Amino acid sequence: MMKKEDVLSTASALISGQRADDYGSLEDNFGRIAIMWGVVLGRVVTTEQVALCMASVKMCRLVNSPDHADSWVDLAGYAAIGSELAG
């Protein structure tokens, strides 16, 4: 299991580095996801809701495999992304 500092630093590196390069800015990427989910769900979805739902996916996966370090890292990343988008 990773130490809390390692989880946070790894999440920070991922959401600020390679993933940002791969997927674009948080606003653009989560905005596109929100639009697509809105079409599927037939309602308006916000970028903050996308972050909450993605965090929920990670939490559900952790119920089955609580020792899966990548899911903890991703959960921390989605929390940080949601906080920034909500701000």
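Residue numbers start at 1 and run along the sequence shown. The structure displayed is predicted, hence computed values, not measured ones.
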Looking at Gly82 and Ala51, what are the two nearest heavy atoms and their distance? CA-CB, 3.6 Å
Test side chain to side chain contact (heavy atoms under 4.5 Å, CB included) applied to Thr46 and Val50, step by step: CA-CA 6 Å; Thr46 68; Val50 170; over 6 Å; no
Rounded distance [0.5 Å steps], NE2 in His68 versus CG in Asp74: 8.5 Å
Any chain of hydrophobic side-chain contacts (each under 4.5 Å) joining Ile33 to Tyr78? yes
For the student: nearest non-hydrogen atoms of Ile81 and Phe30, plus distance: CG2-CZ, 3.7 Å
d(Ser9 OG, Met2 CE) to nearest 0.5 Å is 6.5 Å
Spell out, yes or no, whether Leu26 and Ile35 are grouped together once hydrophobic residues are joined by side-chain heavy atoms under 4.5 Å, including indirect joins. no
So, for Ser71 and Lys58, which heavy atoms are closest and what is the spacing to 0.1 Å? O-CB, 4.0 Å
Of the non-hydrogen atoms in Pro66 and Trp72, which two are nearest, and what is the gap between them? O-NE1, 2.7 Å
Honestly curious: do Met54 and Leu85 fall in one hydrophobic cluster under the side-chain, below-4.5 Å linking rule? yes
Rounding to 0.5 Å, atoms OG1 (Thr47) and CH2 (Trp37) come to a distance of 11.0 Å
Inspect the surroundings of CG in Asn64 and state if more than 12 heavy atoms from other residues, nucleotides or ligands are less than 6.0 Å away. no
Looking at every heavy atom in both Thr10 and Asp6, which two are closest together, and how far apart are they? OG1-O, 2.7 Å
CD of Glu84 to CD1 of Ile15: how many Å apart, nearest 0.5 Å? 7.5 Å
Distance (rounded to the nearest 0.5 Å) between Asp22 CG and Leu14 CG: 10.0 Å
Quick check: closest heavy atoms across Ala11 and Val73, and the distance to 0.1 Å? CB-O, 3.4 Å
Side-chain donor/acceptor of Ser16 to backbone N/O of Ser12, under 3.5 Å: yes
To the nearest 0.5 Å, what is the distance between CG (Leu75) and CZ (Arg61)? 12.0 Å
